[in-house]
Amino acid sequence: MKPGLNTGATHTVHRLIEQELTVPHILPGTLLERGETVLASGYLVALLETACWQVVHPHLDPHESAVGVEFALTHCAPAWPGDLVEITVTCTQISHETRDVEWHTSATNLRTRKVIGRMRHRLRVVDSHRFQEHTMRPRPDAPNSGPRQPES
């Protein structure tokens, strides 16, 4: 990771909530299709994480990427299609040993002025090539790559 990212770095973005970001659209073919037409928690996580990535990305070397490894979300209030949401992320800790970058994030519905969510988030900076090698599925001819047999 390139130098320059420091704790206290803050970034704010705005996002208009579209119909496609609501509960009925997050997992088609499930009971969630019958859910309320409000911002889905899964999409809230993605919006908050994206804002963190926007801060980290300029500090990555070309062979690096960031992967989310931990989050703790509190979804406090709804946002409906057409609402404008303000997302603010602040870098709270950088570990050069583990290559982790921790964040405090929040999202506010600008129409209602209510905080709709807060998330503590941790990204890990990884070498993309090594990450791909270590996380690929085992080859079919590799030992122990077949279906697991029940233990007796």
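Using a 4.5 Å heavy-atom cutoff, the side chains of L123 and H121 are in contact. Side-chain contact between V85 and I116 is present, with at least one heavy-atom pair separated by less than 4.5 Å. Contact of the C52 side chain with the T105 side chain is registered, since non-hydrogen atoms from C-beta on lie closer than 4.5 Å.
Listed by chain and number, the residues in a side chain to side chain donor-acceptor pair (under 3.5 Å) with E102 amount to none (sequence neighbours excluded). Remark: Q54 pairs with H11 by the side chain to side chain donor-acceptor pair (under 3.5 Å) rule, at least two apart or across chains. Looking at residues two or more places apart in sequence or on another chain, you find a side chain to side chain donor-acceptor pair (under 3.5 Å) between E70 and R120, R122. In this view, T98 and S95, D100 satisfy the side-chain contact (heavy atoms from CB on, under 4.5 Å) rule, not counting sequence neighbours. In this structure, the side chain to side chain donor-acceptor pair (under 3.5 Å) partners of T12, at least two apart in sequence or on a different chain, are T88.
We find the CD1-NE2 distance between I87 and H14 to be 9.0 Å, quoted to the nearest 0.5 Å. Here Q93 contributes atom CD and W103 contributes atom CH2; the two are 12.5 Å apart, rounded to the nearest 0.5 Å. To the nearest 0.5 Å, the span separating CG on L16 from CG on L84 amounts to 6.5 Å. Of the inter-residue distances, the one linking T90 atom OG1 with H104 atom NE2 reads 7.5 Å to the nearest 0.5 angstrom. Note that CZ of R15 and OG1 of T50 are 8.0 Å apart. Values are rounded to the nearest 0.5 Å.
Applying the salt bridge (Lys or Arg N to Asp or Glu O under 4.0 Å) definition to pairs two or more places apart or across chains, those involving residues 77-88 are D83-R111. Residue pairs meeting the salt bridge (Lys or Arg N to Asp or Glu O under 4.0 Å) criterion with at least one partner in residues 3-14, sequence neighbours excluded, are absent. Pairs passing the salt bridge (Lys or Arg N to Asp or Glu O under 4.0 Å) check and including a residue from residues 46-60, sequence neighbours excluded, do not occur.
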Show every donor-acceptor pair shorter than 3.5 Å between a side-chain atom in residues 24-38 and any protein atom, with sequence neighbours excluded, or say none if there are none.
unit_1	atom_1	unit_2	atom_2	d
T30	OG1	L27	O	2.7
T30	OG1	L32	N	3.2
E33	OE2	G29	N	2.9

Could you pull out every donor-acceptor pair under 3.5 Å between side chains of residues 55-64 and any protein atom, sequence neighbours left out?
unit_1	atom_1	unit_2	atom_2	d
E64	OE1	M1	N	3.2
E64	OE1	D61	N	2.8
E64	OE2	M1	N	2.8
E64	OE2	R99	NH2	2.5

Would you give me the side-chain donor-acceptor pairs under 3.5 Å for residues 71-80, sequence neighbours excluded?
unit_1	atom_1	unit_2	atom_2	d
H75	ND1	S41	OG	2.6

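Closest approach of V115 and T108 over heavy atoms only: CG2-OG1, 4.0 Å. A pairwise comparison of heavy atoms in L44 and G117 identifies CD2-CA, 4.0 Å as the closest pair.
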Going through the distances and angles, do C91 and V101 end up as a side chain to side chain contact (heavy atoms under 4.5 Å, CB included)? CA-CA 7 Å; C91 180; V101 183; 3.7 Å; yes
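By the 4.5 Å side-chain criterion applied to Ile, Leu, Val, Met, Phe, Trp and Tyr, V126 is assigned to a cluster that also includes V67, V69, F131.
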